[in-house]
Amino acid sequence: MILADPIKEMMAILKDTLDAEVEMIDMIFLIKKMRELTVNSGDSSFSFKVDCEISFEGIHQQGKTRNKAEILLLPEELAVFSSTFISHRLPLPSNYSQRLVMEPNVYCLYMESSEFPEEFAQRLAAALNAIN
């Protein structure tokens with residue numbers, strides 16, 4: 001009988017769900033998902049690429065992890081991203097928290113929860129797809 005490697009399985013699930021490369025360092029799954037943003041300011045605009053920083057750490061006996069994401073959003077993306085994330089078919093866990101930092105022309109949304117990593121990844125992927 002062949003025993004499955006749960007770490008490799010989780011890496012494959014996260015890679016497929018988030019469509020991004022997954023790295024594991026010290027039992028922390030790290031994902032950097034690239035996005036391109038175009039900021040308009042007055043008569044000028046500029047485009048740049050940013051990484052969405054996503055991590056899953058501390059796998060518990062039940063399979064849950066502490067999930068974190070740092071996502072840069074344009075002001076016009078915030079409502080679509082947030083509503084898609086919140087209204088996903090998988091409900092948010094009661095321990096979900098978020099913090100929004102507003103910078104000129106861009107928002108940084110910090111999110112954290114303790115739940116099954118694939119559930120957080122599915123919700124996050126749906127929200128990112130809604131703004132792409």
Side-chain angles (χ1 to χ4, degrees):
M1 176 178 194
I2 298 174
L3 295 176
D5 183 342
I7 300 296
K8 286 183 180 176
E9 284 182 28
M10 183 55 60
M11 289 178 77
I13 290 168
L14 295 175
K15 178 181 179 178
D16 291 343
T17 303
L18 291 164
D19 189 27
E21 290 303 314
V22 180
E23 204 178 346
M24 186 156 176
I25 300 173
D26 296 329
M27 293 303 292
I28 300 172
F29 298 99
L30 300 171
I31 294 110
K32 291 198 186 256
K33 184 165 179 69
M34 187 71 68
R35 292 191 64 224
E36 186 168 338
L37 299 178
T38 300
V39 174
N40 297 308
S41 181
D43 291 339
S44 60
S45 68
F46 59 98
S47 296
F48 56 98
K49 292 186 178 188
V50 295
D51 281 328
C52 300
E53 298 198 11
I54 306 161
S55 66
F56 303 86
E57 62 183 274
I59 299 175
H60 300 287
Q61 191 81 20
Q62 310 89 342
K64 294 183 178 182
T65 59
R66 184 163 33 126
N67 311 302
K68 296 180 181 181
E70 179 181 325
I71 311 294
L72 288 178
L73 299 164
L74 297 173
E76 59 270 19
E77 295 175 325
L78 181 62
V80 173
F81 181 90
S82 296
S83 67
T84 303
F85 190 83
I86 291 167
S87 66
H88 192 269
R89 66 177 177 76
L90 297 169
L92 289 171
S94 59
N95 61 28
Y96 172 75
S97 66
Q98 70 179 34
R99 177 172 55 99
L100 182 67
V101 176
M102 293 185 268
E103 299 291 335
N105 302 315
V106 70
Y107 296 151
C108 187
L109 183 61
Y110 297 91
M111 303 179 299
E112 186 172 338
S113 72
S114 290
E115 62 184 306
F116 294 109
E118 56 272 26
E119 291 181 3
F120 185 79
Q122 287 173 20
R123 199 179 302 108
L124 185 58
L128 287 169
N129 287 335
I131 59 173
N132 285 337

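In this chain, numbering begins with 1 at the start of the sequence shown.
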The criterion is side-chain contact (heavy atoms from CB on, under 4.5 Å); which residues satisfy it with Arg99, sequence neighbours excluded?
Val101, Tyr110
Mind checking what makes side-chain contact (heavy atoms from CB on, under 4.5 Å) contact with Ala12, not counting sequence neighbours?
none
Show, in sequence, the C-alpha distance, side-chain angles and deciding distance for Glu112 and Ser97, and conclude whether the side-chain contact (heavy atoms from CB on, under 4.5 Å) test is met.
CA-CA 5 Å; Glu112 186 172 338; Ser97 66; 3.9 Å; yes
Tell me, please, which residues at least two apart from Ser94 pass side-chain hydrogen bond (donor to acceptor under 3.5 Å, both in side chains).
none
How would you list, by chain and number, every residue that makes a side-chain contact (heavy atoms from CB on, under 4.5 Å) with Lys49, sequence neighbours excluded?
Met34, Glu36
Under 3.5 Å, side-chain donor or acceptor atoms of residues 69-86 against the rest of the protein: list the pairs with distances, not counting sequence neighbours.
unit_1 : atom_1 : unit_2 : atom_2 : d
Glu77  : OE1    : Arg35  : NH2    : 3.1
Glu77  : OE1    : Leu74  : N      : 2.8
Glu77  : OE2    : Arg35  : NH2    : 2.6
Ser82  : OG     : Leu78  : O      : 3.0
Ser83  : OG     : Ala79  : O      : 3.0
Ser83  : OG     : Val80  : O      : 3.3
Thr84  : OG1    : Val80  : O      : 2.8

Quick one: list whatever passes side-chain hydrogen bond (donor to acceptor under 3.5 Å, both in side chains) with Ser45, sequence neighbours left out.
none
CE-CG distance between Met111 and Leu100, expressed to the nearest 0.5 angstrom:
11.0 Å
Side chains of residues 15-25: which donor-acceptor pairs under 3.5 Å do they make with residues two or more places apart or in other chains?
unit_1 : atom_1 : unit_2 : atom_2 : d
Thr17  : OG1    : Ile13  : O      : 2.7

Show every salt bridge (Lys or Arg N to Asp or Glu O under 4.0 Å) that has at least one partner inside residues 87-98, sequence neighbours left out.
none
Which value, rounded to the nearest 0.5 Å, describes the distance between Leu37 atom CG and Asn105 atom CG?
11.0 Å
With Pro93, which residues qualify under side-chain contact (heavy atoms from CB on, under 4.5 Å), at least two apart?
Asn95, Tyr96, Ser113, Glu115, Arg123
I need the Leu124 CG to Lys33 NZ distance, nearest 0.5 Å.
9.0 Å
Could you tell me whether the side chain of Asp51 and the main chain of Glu53 form a donor-acceptor pair under 3.5 Å?
no
Not counting sequence neighbours, which residues clear salt bridge (Lys or Arg N to Asp or Glu O under 4.0 Å) with Glu57? List them please.
Arg66
Using the rule that Ile, Leu, Val, Met, Phe, Trp and Tyr join whenever any side-chain heavy atoms are under 4.5 Å apart, tell me whether Ile7 and Ile54 fall into a single cluster.
yes
Residues two or more places apart in sequence or in another chain: which of them pass salt bridge (Lys or Arg N to Asp or Glu O under 4.0 Å) with Lys68?
none
Shortest non-hydrogen pair, Ala121 vs Phe56, comes out as CB-CZ, 4.2 Å
Tell me which pairs pass ring pair (Phe, Tyr, Trp, His ring centres under 6.0 Å) where either residue lies in residues 27-51, with sequence neighbours left out.
Phe46-Phe48
Taking all heavy atoms of Ser55 and all of Leu30, pick out the closest pair and write down the distance.
CB-CD2, 3.8 Å
